[in-house]
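Working notes, beginning with the structure itself.
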Number of protein chains: 2
Amino acid sequence: MQNSFTEENYLKIIHALSGREGHEVSTNALAESTSTRAASVTDMLRKLAEKGLIHYKKYQGVRLTESGEKVAINVIRKHRLWEVFLVEKLGFGWDEVHDIAEELEHIPSDHLVERLDAFLGHPRFDPHGDPIPDAKGNLTEPDYFILTEVQIGEKVRMMGVLDHAPSFLQHLDRAGITLGCLIEIKEINEYDKSASVQINENHTLFISLEVSKNLLVQRR
Amino acid sequence: MQNSFTEENYLKIIHALSGREGHEVSTNALAESTSTRAASVTDMLRKLAEKGLIHYKKYQGVRLTESGEKVAINVIRKHRLWEVFLVEKLGFGWDEVHDIAEELEHIPSDHLVERLDAFLGHPRFDPHGDPIPDAKGNLTEPDYFILTEVQIGEKVRMMGVLDHAPSFLQHLDRAGITLGCLIEIKEINEYDKSASVQINENHTLFISLEVSKNLLVQRR
DNA sequence: AAAAAAATTTAGATTAACCTAAAAATATAT
DNA sequence: ATATATTTTTAGGTTAATCTAAATTTTTTT
């Protein structure tokens, strides 16, 4: 049997909240993320458990089963491939594609996903730098650093964002901070931990700690 | 307020069944087309009428209102644009795209449709030869002929199909009959009205009346 | 370790989209 | 024009996904 739009969303969110190690996710965290009430979450968890998609014991939180993980990763694959399509082919900004991809990710057709993937040239990363799982469901999170961990004088490459909010992405656009750009930390203000950074050996600007905390970079 | 997936499908089907002149559509015809029961149709008609999308008087059948027509045509526009995308960009066959487009047509975003349209080069027809309504909702049905109306000796161009069933489209593929090909009627068998036709001034073959009845052509 | 607080589940409703069976309206046939 | 058949609607249920309020379990605090 097929999984509903809603079921797929729960699985995707459980995946996201359970972290790299796949730890238990609480009912309240799910209620928060799904914008529903805890009671509704409990109902859905019973259903997903019956379908063998999650491990669930009352009051103990949930984890994905292997089969649930497979579904979740496939939804993520579709979401990220569609985001690439929207940005690379249709010319949307990286701040505009999330909601549309949220719909497209539930279109059911393996045939479609594989052709889309080929059409896009088998991209490894989406427009926010998030890795795209392959057709077999292998999802390797690259080990990037958060910009706050980088020392003065280091030059790093901007590889992704932790916050996907349009307002944050637009802020980066205005600052000229794009995926793949070079960032050199010039100095860090002790008082508020804001940083003076040079972008692409070109222009220099201040970024707040809030911004630094949400930038993923790669050392070279 | 937004229209649901189901509501959009009803509007699309009412549009299709009410023909060029927009005549009344019966409850039973809708039940047939939606694969539901008449009672379910009645429920939905009351809802659509309340939303001002259809004209509905008990026992008298339904017609789309202007606003319902607008919604229906927009769904058709999206369906046909996605079909072009699937065939032209992803390499699907014309016999494979209907079900996928049936899902994609309900993705809500005007922005998306307009960018998709531009990406595809503002196509006027979908892969089956059906005209694509423009952004303003203008849908002009070209006046093609059915192949059965064509006389012996005439040369016509294949412009569309009436039957969209994969099995019919695959049959045409095997016969080498593609959109835009030239068809010359060589002779017509009086007994069963099957026709001997030459395709692209090239190969000749027999086609049954069933096939002729479902081919739309243009005189030149 | 008992009390208080927080998290979670259960119980009982609601809405959208469907269903069956029965009633009512319309159409057809004699 | 009446009887019969067909179509459509009404009445009353079902399921998925949600809700609120109350009950229960777990966690935290004193």
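In this text, all values refer to a predicted model and were calculated from it rather than measured experimentally. Chain letters run A, B, ... following the sequence lines, proteins first, then strands; residues in each count from 1. Just so it is clear, the values below take in all heavy atoms, side chains as well, and ignore hydrogens, waters and symmetry mates.
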Show me the pairs that pass ring pair (Phe, Tyr, Trp, His ring centres under 6.0 Å) and involve residues 97-116 of chain A, at least two apart or across chains. A/Phe5-A/His106, A/His79-A/His98, A/His111-B/Phe92
For residues 122-150 of chain A, the ring pair (Phe, Tyr, Trp, His ring centres under 6.0 Å) pairs (sequence neighbours left out) are A/His128-A/His164
Salt bridge (charged side-chain N to carboxylate O under 4.0 Å, His left out) with [X]: which residues, sequence neighbours excluded?
X        : value
A/Glu21  : none
B/Asp95  : none
A/Arg63  : A/Glu24
A/Arg219 : A/Glu154

Give the residues of residues 5-17 of chain A touching DNA chain C, defined as any heavy atom closer than 4.0 Å, sorted by residue number. none
Would one find a side-chain N or O of [X] under 4.0 angstrom from OP1 or OP2 of [N]?
X       : N      : result
B/Asn28 : D/dT6  : no
B/Arg37 : C/dC18 : no
A/Tyr56 : C/dT9  : yes

At a cut-off of 3.5 Å, list every protein nitrogen or oxygen paired with a nitrogen or oxygen from nucleotides 25-28 of chain D, distance to 0.1 Å.
residue	atom	partner	partner atom	Å
D/dT25	O4'	A/Tyr59	OH	3.3

Sorted by number, the residues of residues 38-46 of chain B with heavy-atom contact under 4.0 Å to DNA chain D: B/Ala38, B/Ala39, B/Thr42, B/Arg46
Report, one line per pair, each donor and acceptor closer than 3.5 Å where one atom sits in a side chain of residues 25-33 of chain A; sequence neighbours left out.
residue	atom	partner	partner atom	Å
A/Ser26	OG	A/Ala29	N	3.1
A/Ser33	OG	A/Ala29	O	3.4

Non-neighbouring partners of B/Glu210 that pass side-chain contact (heavy atoms from CB on, under 4.5 Å), sequence neighbours left out: B/Ser208, B/Lys213, B/Asn214
Without swapping roles, check the side chain of B/Arg115 against the backbone of A/Leu90 for a donor-acceptor pair under 3.5 Å. yes
Rounded off to whole Å, could you give me the CD-to-C1' distance for the A/Glu32 and C/dA6 pair? 15 Å
Can you list the residues that meet the side-chain hydrogen bond (donor to acceptor under 3.5 Å, both in side chains) rule with A/Asn138, with sequence neighbours excluded? A/Asp134
